[in-house]
K.L.:
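If you scroll down you'll find the structure; I have some questions about it.
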Amino acid sequence: MTGRLTGKVAVVTGASRGIGRAIALRLAADGAKVVVHYNKAEKEARDVVAAIRAGGGEAIAIAGDLAEPDTPELLAEKIVAAARADLDAPALDILVNNAGVGLRATIEEIGDTGFEEVLRIDLVAPFRLIKALAPRLNDGGRIINISSMGTRAAFADMVAYAPAKAGLEALTRALAVHFGPRSITVNAVAPGATATDLNPGARDPIRAQAVATSIALGRVGQPDDIAAVVSFLASDDGRWVTGQTIDASGGQRL
Ligand SMILES: NC(=O)c1ccc[n+]([C@@H]2O[C@H](COP(=O)([O-])OP(=O)(O)OC[C@H]3O[C@@H](n4cnc5c(N)ncnc54)[C@H](OP(=O)(O)O)[C@@H]3O)[C@@H](O)[C@H]2O)c1
């Protein structure tokens, strides 16, 4: 299979379902070998791997619960070992930190534990995974963090989620400066309402229609819409973009 990512090796966290699944399939269609990370949805992750292989690509599935304290470093070790053994890849090129939880709760509804868990999965885990995998990333590589348009527009029930994603965007800018000398670009992609398990409202036809009234392009997003932006950033065409948060919301709440 040849495409704009032929010869590249990508890791996509949370690639069993939703946006991560679409990113894994898209990067593979572009020619990358893909490490498909998942937490609980083993069958779905194996289905993604099978779909990539059926299309002539190469992929492996690796599990890891990013809510657990030791997972990011252990996962990084497993990824490096499996990429070498099963994908014949001594190093990595693209890391997409997509896995996330989207707990919707107001300040009265959320406790310390819930707040900290969202931060652990949506901010601390990407930080630790980047730190552990950066030495294994080829110069000229890509780090792409999936944020949310909830950092730009205020939602009262995103009191943990929005701060976690805002931190991820700040981390993105700091790391873009740090990794610039290695020609590694670091960017965030900020989806708006996208039809996945995390956003059941965007899946429900009636509720999605209501949400669409706040979106310039008049519909909610589909996972493929986000994967297309990630594909661009991952490709050579994205080489001059770094430290940015690219809104991929169809113009939600402009
Ligand atoms: N959907 C939206 O409207 C929307 C909007 C803005 C931003 N986003 C962001 O887009 C990203 C993907 O979201 P999505 O909508 O595709 O969600 P999703 O369909 O719920 O999928 C979430 C993915 O993250 C993984 N994950 C969840 N908790 C995990 C944990 N503790 N450890 C490791 N992996 C874990 C899941 O693994 P398992 O399947 O194995 O459980 C799954 O692969 C997230 O970062 C989210 O914040 C989504």
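Positions are given from 1 along the sequence. Counting convention: from 1, in listed order, for ligands and their atoms alike.
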K.L.:
Would you call Arg46-Glu42 a salt bridge at under 4.0 Å N-O?
P.N.:
yes
K.L.:
Partners of Asp197 by side-chain hydrogen bond (donor to acceptor under 3.5 Å, both in side chains), sequence neighbours excluded?
P.N.:
Arg17, Arg203
K.L.:
Taking ILVMFWY side chains as joined if any heavy atoms are under 4.5 angstrom apart, and letting links pass through other members, which residues group with Val220?
P.N.:
Val211, Ile215
K.L.:
Is the terminal nitrogen or CZ of Arg253 (NZ for Lys, CZ for Arg) located under 6.0 angstrom from the six-membered ring centre of Phe155 and within 45° of that ring's axis?
P.N.:
yes
K.L.:
Using heavy atoms and a cut-off under 4.0 Å, could you grab the residues that are in contact with ligand 1, chain by chain, numbers ascending?
P.N.:
Gly14, Ala15, Ser16, Arg17, Gly18, Ile19, His37, Tyr38, Asn39, Lys40, Ala41, Gly64, Asp65, Leu66, Ala67, Asn98, Ala99, Gly100, Val101, Ile121, Ile146, Ser147, Ser148, Tyr161, Lys165, Pro191, Gly192, Ala193, Thr194, Thr196, Asp197, Leu198, Asn199
K.L.:
If you measure from the Lys or Arg side-chain nitrogens to the Asp or Glu carboxylate oxygens, is any gap between Arg53 and Glu58 under 4.0 Å?
P.N.:
no
K.L.:
According to side-chain contact (heavy atoms from CB on, under 4.5 Å), who are the partners of Arg26, at least two apart in sequence or on a separate chain?
P.N.:
Arg4, Asp30, Ala227, Ala228, Ser231
